[in-house]
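First the proteins, then the strands, lettered A, B, ... as listed; each starts at 1.
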Amino acid sequence: MLHGWLSDAEIEALALSLRVSLVAVGVALPFAVGAALLLSRRRFPGRGVLDALVHLPLILPPVVMGYLLLVTLGTRAPLGHWLDATFGIRFVFSWTGAALAAGIVTFPFQVRAIRLALEAIDPKLSEAAETLGAGPLDRLWNLTLPLAAPGIIAGAITAFAASLGEFGAIITFVSNIPGETRTLPLAIYSAIQTPGGEAAAARLVALSIVLALAGLALAEYAAWRVRKMLGT
Amino acid sequence: MTLDIRLRHRFPDFALDIAFAAEETGITALFGPSGAGKTSTINAIAGLFTPESGRIAIGGETLFDTATGIDLPARARRIGYVFQEARLFPHLSVAANLDFGAKRSPDPLPPAERQRILDMLGIDHLARRRPRNLSGGERQRVSLGRALMANPRILLLDEPMAALDAARKADIMPFLERLRDEARIPVLLVSHAIEEVTQLADNVVFLDEGKVLASGPAEDVLSRADLSPRGAFLEAGAVISGKVASQDDAHGMTEIGFEGGTLWVPRLTAAPGSPVRLRVKASDVMLALEEPRGVSANNIVAATVAAIRETADGLYLDVELTCGHARLLSRITRKSCERLEVRSGMTLFAVIKSVSVERHARRGGEENSGGA
């Protein structure tokens with residue numbers, strides 16, 4: 001169906017976008033849960049620094065984030081070189097780099113949603129679980145995470161939608177390579193730069209809008225379903 | 001298993017300094033006004049609050065002892081805690097809530113015992129429901145069941161009825177009475193409601209401003225005239241224990257026999273022979289030198305003056321009366337006292353209106369356990 005409407009290159013950009021976003025959100029999710037737990041539950045030295053670090057991508061221009069990634073993980077940077085030489089992991093000019101950039105830039109969305117959900121949980125429930133013999137990990141797994149599930153899901157879907165639209169960090173870090181790092185926004189940008197590409201750009205813009213709206217609707221729906229399932 | 005507790009803690013606004021023991025079975029009430037330190041005390045027992053110093057032991061086992069550095073975490077104490085607001089887990093069904101503690105108990109109850117708890121609390125049919133679809137009384141019963149299913153060594157009830165309206169309270173009271181009669185572990189009930197305590201407690205620890213003012217059998221503690229700190233918190237009165245002697249269905253009255261005679265009270269739904277506890281407020285007891293005739297009050301009891309005390313505010317006199325082993329308290333003015341020349345040792349007639357008696361049926365063991 002899509003073939004009649006979009007070109008192969010455009011479908012490729014769509015598929016790549018979905019893959020990059022899925023990996024970005026999936027890999028970042030456990031870290032986001034961890035960061036949200038630390039920020040909502042614990043008082044520790046360096047908490048303010050962690051809070052600031054988590055929120056940094058929200059306030060820094062994405063291009064700056066992309067540049068910082070490039071200078072730390074580029075093949076000539078010490079860390080990037082080491083990863084390449086030791087594990088053969090190379091982010092630059094690769095879709096995994098795009099996923100990394102998207103994951104980092106959308107990290108704050110996940111952390112904020114999860115943290116709100118965690119803070120909404122009545123701490124008295126945890127006390128009750130404790131008197132019933134549940135230790136800390138037991139309570140986390142069987143009480144806290146299930147109760148925070150609506151927030152976790154909402155955060156993940158929001159981050160997914162936002163990462164579909166990530167442009168600056170990706171193009172700065174991993175460039176604009178068709179089939180490898182040219183996600184939807186980059187494809188739109190390329191189409192606009194190409195003489196006669198307006199029609200292609202318009203199609204991709206429409207697609208982006210539909211995806212974004214679908215993502216938002218899905219987030220609401222999923223959160224509603226989970227809330228219903230949890231009976232909260 | 002008995003509970004021994006001694007603890008001290010300094011809060012910014014008051015100091016907790018208490019010691020008491022709770023019996024092996026039956027309900028011990030921690031009774032006192034709000035802010036007396038009741039909840040801090042049971043939180044310390046449960047391990048949810050760490051006092052500065054003290055010792056808490058159940059049976060032979062020490063749960064907490066600052067002298068030896070013992071401080072078992074709450075999850076290892078095996079103490080059942082029923083909170084004021086039930087605190088059921090909203091994402092789990094009633095059945096899963098009930099299983100939560102049972103699954104984690106090092107000494108789980110056999111299925112027959114678990115069924116007995118479900119039957120006692122009448123919650124078997126709620127198994128598949130969600131907590132949010134339960135009434136307040138049902139929630140408290142499930143919460144009670146959840147605590148008992150974990151097979152705790154002691155049960156703590158923190159004002160289990162405070163969040164319920166009068167109808168829901170009446171709903172859950174019979175279940176608490178059954179719990180008292182059937183539980184094989186010590187139960188500690190925190191309450192600031194005299195009705196609850198009169199009805200349920202076998203022993204009372206009276207707390208105020210972080211200190212134990214009195215402790216002992218409920219009849220004794222709740223009958224003491226000198227325990228009305230902060231004015232109106234505990235209106236002076238006396239507790240009488242007796243048994244249902246007869247029912248007068250035509251008039252909707254019940255006759256209660258006690259050691260000093262009989263009392264007619266508004267109808268109690270309890271079979272003849274059932275133990276009953278009544279609390280008669282001192283201000284509801286009138287005194288007469290001769291047996292009065294032609295009065296509307298149904299109850300006239302001959303009694304001996306044991307002592308006369310000034311009330312804390314100095315305005316009135318509390319006359320302590322004995323009839324047999326039972327006690328009554330009458331609050332009168334100085335003027336009445338002088339007019340009647342009330343003295344220790346003299347015999348008087350106490351006049352009690354039926355409608356003023358606070359009735360509290362104590363369910364008897366077998367014969368009435370089905371409820372009425």
*Asks:* Could you list which of residues 92-99 of chain B have a heavy atom closer than 4.5 Å to any heavy atom of chain A, in residue-number order?
*Replies:*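 The list, in residue order, is empty: none.
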
*Asks:* What are the residues of residues 125-132 of chain A, in order of number, with any heavy atom under 4.5 angstrom from a heavy atom of chain B?
*Replies:*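 At a heavy-atom separation under 4.5 Å, chain B is reached by A:L125, A:E127, A:A128, A:A129, A:E130, A:T131, A:L132.
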
*Asks:* Closest heavy-atom contact between A:P136 and B:R75?
*Replies:*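 That would be CD-NH1, 3.8 Å.
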
*Asks:* Check each atom of B:L156 against the heavy atoms of chain A and say whether the ones under 4.5 Å are side chain, backbone, both or neither.
*Replies:*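 Neither part, no heavy atoms under 4.5 Å.
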
*Asks:* Run the side-chain contact (heavy atoms from CB on, under 4.5 Å) test on B:K103 and A:N142 for me, step by step, so that the C-alpha distance in whole Å, both residues' side-chain angles and the decisive distance to 0.1 Å come before the verdict.
*Replies:* CA-CA 12 Å; B:K103 276 198 296 195; A:N142 291 303; over 6 Å; no

*Asks:* Measuring heavy-atom distances to chain A, does B:R87 have an atom under 4.5 Å in its side chain, in its backbone, in both, or in neither?
*Replies:*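 Contact with chain A: backbone and side chain both.
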
*Asks:* Kindly give the heavy-atom pair with the smallest separation between A:P146 and B:H91, and that separation in Å.
*Replies:*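 Closest pair (atom of A:P146, atom of B:H91, distance): CB-CD2, 3.5 Å.
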
*Asks:* If you count heavy atoms of other groups shown closer than 6.0 angstrom to CZ of B:F49, is the number above 12?
*Replies:*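 Enclosed.
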
*Asks:* Can you list the residues of residues 139-148 of chain B that sit under 4.5 Å from chain A, counting heavy atoms only?
*Replies:*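 Answer by number: B:R146, B:A147.
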
*Asks:* Would you say CZ of A:R19 has more than 12 non-hydrogen atoms from neighbouring residues, nucleotides or ligands within 6.0 angstrom?
*Replies:*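 Enclosed: over 12 neighbouring heavy atoms sit under 6.0 Å from CZ of A:R19.
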
*Asks:* Are there residues of residues 28-60 of chain A whose heavy atoms fall under 4.5 Å of chain B's heavy atoms? If so, which?
*Replies:*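 If one takes a 4.5 Å heavy-atom cut-off, no residue of residues 28-60 of chain A lies near chain B.
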
*Asks:* Taking CD in A:E220 as the centre, count heavy atoms belonging to other residues, nucleotides or ligands within less than 6.0 Å. Is the count above 12?
*Replies:*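 Open.
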
*Asks:* Has B:R8 got more than 12 heavy atoms of other residues, nucleotides or ligands less than 6.0 Å from its CZ?
*Replies:*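 No, not enclosed.
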
*Asks:* Could you check whether atom CZ of A:R203 has more than 12 heavy atoms from other residues, nucleotides or ligands sitting under 6.0 Å from it?
*Replies:*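 Check passes, neighbour count above 12.
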
*Asks:* Going from CG on A:D138 to CZ on B:F100, what distance comes out if it is rounded to the nearest 0.5 angstrom?
*Replies:*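 Nearest 0.5 Å value for the CG-CZ distance: 5.5 Å.
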
*Asks:* Within a radius of less than 6.0 Å around CZ of B:R116, do more than 12 heavy atoms belonging to other residues, nucleotides or ligands occur?
*Replies:*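 Enclosed.
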
